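Have a look at the structure below before the remarks.
Order of the sequence lines fixes the chain letters, A, B, ..., with proteins taken first and strands second; residue numbering starts at 1 for each chain. All figures in this text were calculated on a predicted structure; none of them were measured in a lab.
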Amino acid sequence: LNDIVVVQAKKSANAFDSNENHCHDYEHVYEPSDDTYLLVDTLHAEKALLDSLRPKLALEIGTGSGCVSTALAKLLKVPPAMFMLDINPIAASVASRTAAHNGVITADALVSDLDSALALHHKVDVLIFNPPYVVTPSEEITESLIARSWAGGKDGREVLDRLLPRIADLLSPTGIFYVIAILENKPEDICERLRNFGLSSAEVLTQRRAKNELLMVIRASKFESIADGDLGQAKST
Amino acid sequence: MKLLTHNMLKCNVKGVNNGYPLKIEVTTKEIRETEMNPAFLQGIVEKLEWPVFRAAAAQLGEEGLPEAVTPELLEQEDFLKKFHRALLEVVVVEGALICPESGRKFTITNGIPNMLLNEDEV
């Protein structure tokens, strides 16, 4: 299984042609890493389910290089409108170029703090967040543009915790939320809070050990727990 | 910034109740031709505030969109072409978005709107 994971990760890495992203951008923008690849691989594994839900509008908060949004748009049968948000203007610019370079024409990037500039009440079908999850002192979160991509403050949760109460308002009735977490973020507590904020299901979907981190993807939705594949089959037949 | 995106943006400055839709100030725009995807257009229409889109398109010189969309229109090639062009091909490269209530200006640089607020606006 480990071999497969590695192969998948490499495949994902090759799936993007990032030549347009000049290396110096990565001084200021989070370079695709293990967490990025876990998220992309997880979305690939979710393809049947996602296609069955026919997502029309997707939002990625903290898009960084734009790889995940680009991968999602290219993965699905019909690409959704893809809004790529980052608080870092350089990241928004790189994300825009990544999408365009890979032929994703339904995407746009903007500079925004979380979703605060968007009017998306119950419109989001796929919401993706790879938050700054590293446990750090709170002050570190705003230390630099690049720190904003990884410094998560107390429990690595300070930025994610600002988004959690807003998710039920953003998601459409068939909307799904995918978020990266590490063990130190207390994933079970994240799931519980998501349920308390009005989501019907919230669970750890995939995990992978990468260097010193146990990375995971949490999936949450407004509809009852998803039996893998069932919904996809039911809707496509 | 595509008009697709303009359709979803609002001013969220503290105290503003009606920050939607934002007015568009165009300094430069481009038409970036892309391949039309009818399935995408047929799906996204339910997410759009159509009158807002139609007005923004007209402002940017994309006239001739109907007042409302019908299922029949969504099968018509010439309508889909106009829709595709106004929604995805027209790009505001330099300009600004202005809050209809407060007048707060958000700049668009290199095609990307900067919607960040100052600390005293949150």
task = Begin from the C-alpha positions of Asp113(A) and Leu117(B) and carry the test side-chain contact (heavy atoms from CB on, under 4.5 Å) through to its verdict.
result = CA-CA 8 Å; Asp113(A) 179 22; Leu117(B) 302 176; over 6 Å; no
request  = Answer yes or no: is there a side-chain heavy-atom contact under 4.5 Å between Asp108(A) and Leu4(B)?
outcome  = no
key: Glu89(B), part contacting chain A, at a heavy-atom distance under 4.5 Å   = neither
message = To the closest 0.5 Å, what do you measure between CD1 (Ile44(B)) and CG (Leu57(A))?
response = 5.0 Å
task = Mark yes or no for whether Asn12(B), through its side chain, and Ala117(A), through its backbone, hold a donor-acceptor pair below 3.5 Å.
result = no
ask   = Measuring heavy-atom distances to chain A, does His84(B) have an atom under 4.5 Å in its side chain, in its backbone, in both, or in neither?
value = side chain
task = Grab the two heavy atoms, one from Ala109(A) and one from Pro113(B), that are nearest each other, plus how far apart they are.
result = O-CD, 3.6 Å
request  = Determine whether more than 12 heavy atoms belonging to other residues, nucleotides or ligands lie under 6.0 Å from atom NZ of Lys47(A).
outcome  = yes
ask   = Ser116(A) versus chain B, heavy atoms under 4.5 Å apart: side chain, backbone, both or neither?
value = both
query = Where does Tyr20(B) contact chain A at under 4.5 Å (heavy atoms): side chain, backbone, both or neither?
reply = side chain
remark   = Applying a strict 4.5 Å limit to non-hydrogen atoms, the region of Asn114(B) in contact with chain A is both
task = Can you measure from CG (Leu110(A)) to CD1 (Ile112(B)) and round to the nearest 0.5 angstrom?
result = 8.5 Å
key: Side chain, backbone, both or neither of Ala73(A) within contact of chain B (heavy atoms, under 4.5 Å)   = neither
message = Glu49(B) vs Lys123(A), test: salt bridge (charged side-chain N to carboxylate O under 4.0 Å, His left out). Steps then yes/no.
response = CA-CA 11 Å; Glu49(B) 302 303 323; Lys123(A) 285 190 179 179; 2.9 Å; yes
request  = With rounding to the nearest 0.5 Å, note down the distance linking CD1 in Ile105(A) to CD in Glu35(B).
outcome  = 7.5 Å
request  = Give the minimum heavy-atom separation between Ser112(A) and Leu116(B), together with the two atoms involved.
outcome  = C-CD2, 3.7 Å
query = So which part of Pro80(A) gets closer than 4.5 Å to some heavy atom of chain B, the side chain, the backbone, both or neither?
reply = backbone
query = Is a side-chain donor or acceptor of Lys2(B) paired with a backbone partner of Ala107(A) at a separation under 3.5 angstrom?
reply = yes
task = Measure the CG-NZ distance between Leu120(A) and Lys47(B) for me, rounded to the nearest 0.5 Å.
result = 9.0 Å
request  = Check whether Ser93(A) gets within reach of chain B through its side chain, its backbone, both or neither, counting any heavy atom under 4.5 Å.
outcome  = both
request  = Name the option with the most non-hydrogen atom pairs under 4.5 Å to chain A; the candidates are Met1(B), Met115(B), Lys10(B).
outcome  = Lys10(B)
query = Take atom CD in Glu33(B); do more than 12 heavy atoms of anything else shown fall under 6.0 Å from it?
reply = no
query = At a heavy-atom separation under 4.5 Å, does Leu85(A) approach chain B through its side chain, its backbone, both, or neither?
reply = neither
